[in-house]
Amino acid sequence: MFQVKNMEDKQRQQLGGNSDWMSRLPEELLDVPLWNFALPGSHDSMSFCLDVSSPVLGSEPGLLRLTDRFFPCCTRRCVNRWATTQQSVLSHQCDLGIRFFDLRIARKPKGGRKLFFAHGIYTLITVKEALDELSVWLDAHPKEVVIVCCSHFESLTDEDHADLVKFIISLFGRKLCPSQETPSMRSCWSRSQQLVVSYDNQQVAPQHPELWDGIPYWYADSSDPEKVIAYLEEQKSRGRPAGFYVCGLNLTEDAPYVFLHPLQDMRKMTMKALSLLLHWTGEQRPGPEGGGVNVVCCDFVGDSRFCSLVIGLNYKLAARPPASSSDAAGCFHSNRPDISHPA
């Protein structure tokens, strides 16, 4: 098994790694709608830069906020240990092969007009800094397409939403893939489109053709990998959404779990379960069928062969013909079902 892994890693290195994996897809896949691809995604993509000096979010449970008020140092360090789910900046995650980013946007209580990200506590890096970085990476990789899911919007005002949307449209411009289109690799390349922006706000998104609705996220809310897999299998048995959707491999701790595992953190919990989760992933197949996966999200995406595994699923499609225009029409931008976002 070790020799096989080394051979696969050498092949990947010879092909140039995963930074440009979309540009190397077989010709017969270039007209497949992107929601029929398997796309590696990172859960809570910006949690690598949480700010332990910032307060706990107002949306967190009252007991945690009360503890933060009287014991901020201990509380925020604990939250940081369990809320950190990634370890590198967006450009490095892109180089790993990630093509879906889960961005939880928030305004700090004393952060002025700047917007940040949040997971339990707030981040050090601002939204504009992160999106600027992503724009530079896209310029350097003109045949790669990325999906950005903006959600949560903790404490944002109407004015904040307006400014953020204006910034996104101004920064990315023609790179944005409008929500009225059925994006494939070939169609995106022909129009120089590289970015799908999902904006999970039902008042804002419909006002801007450049924005897509919120993307369904299948999330088990469990620390047990077997329960996560059982939940995903149950969801698959009911049929997949017509457009983009996410299978979340991410685990979730609760207060009793944290209390019973005082020496653990989110990374240790994830690594312990990863073998089982990746085995399930390797058995999946993308495509329009009921059980076909699309985006697969994971924590600590740089600590395993997760990205290469998900990317490799697309080659299971290579033996079948690309989706016809009528098939694509059946999948036309229908990301409006009930949406369940992970914690």
Do you see a donor-acceptor pair shorter than 3.5 Å between the side chains of [X] and [Y]?
X      : Y      : value
Ser47  : Thr85  : yes
Glu154 : Tyr122 : no
Gln193 : Glu181 : yes
Gln284 : Lys236 : yes

Rounded at 0.5 Å granularity, tell me how far [atom1] in [X] sits from [atom2] in [Y].
X      : Y      : atom1 : atom2 : result
Asp200 : Phe153 : CG    : CZ    : 6.5 Å
Leu39  : Cys307 : CG    : SG    : 11.0 Å
Leu171 : Ser135 : CG    : OG    : 4.0 Å
Ser151 : Leu103 : OG    : CG    : 7.5 Å

Check your understanding: Do Phe172 and Leu138 come close enough that some side-chain heavy atom pair is under 4.5 Å?
Key -> yes
Check your understanding: Is there a side-chain contact between Asp213 and Phe244 (heavy atoms, below 4.5 Å)?
Key ->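 Heavy-atom side-chain distance check fails, nothing below 4.5 Å.
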Practice item. On the 0 to 90° scale, with breaks at 30° and 60°, tag the Tyr245-Trp218 ring pair as parallel, tilted or perpendicular. Key: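 Ring orientation, 0 to 90° scale: tilted.
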Practice item. Please work out which of the three classes, parallel, tilted or perpendicular, describes the rings of Trp137 and His141, given edges at 30° and 60°. Key: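 Rings of His141 and Trp137: parallel, as their planes differ by under 30°.
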Practice item. Mind running ring pair (Phe, Tyr, Trp, His ring centres under 6.0 Å) on Phe48 and Phe117 for me, showing each step along the way? Key: CA-CA 11 Å; Phe48 62 87; Phe117 304 95; 8.8 Å; no
Practice item. Using modelled atom types only, decide if a donor and an acceptor are shared between the side chain of Asn294 and the backbone of Phe37 within a distance under 3.5 Å. Key: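 Yes, Asn294 side chain to Phe37 backbone: donor-acceptor pair under 3.5 Å.
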Point to revise | Backbone of Met22 reached by a side-chain donor or acceptor of Glu144 within 3.5 Å | key: yes
Would you call [X] and [Y] a salt bridge, using N to O less than 4.0 angstrom?
X      : Y      : result
Arg104 : Asp44  : yes
Asp139 : Lys175 : yes
Arg186 : Glu27  : yes
Asp160 : Arg113 : yes

Check your understanding: Of all heavy-atom pairs between Glu226 and Leu276, which one has the smallest distance, and what is that distance?
Key -> CG-CD2, 3.6 Å
Check your understanding: What are the two closest heavy atoms between Asp20 and Arg99, and how far apart are they?
Key ->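 In terms of heavy atoms, the two residues are closest at N-NH2, 4.2 Å.
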**Study point:** Stepwise side chain to side chain contact (heavy atoms under 4.5 Å, CB included) check, Cys94 with Phe101
**Key:** CA-CA 9 Å; Cys94 285; Phe101 291 109; 3.5 Å; yes
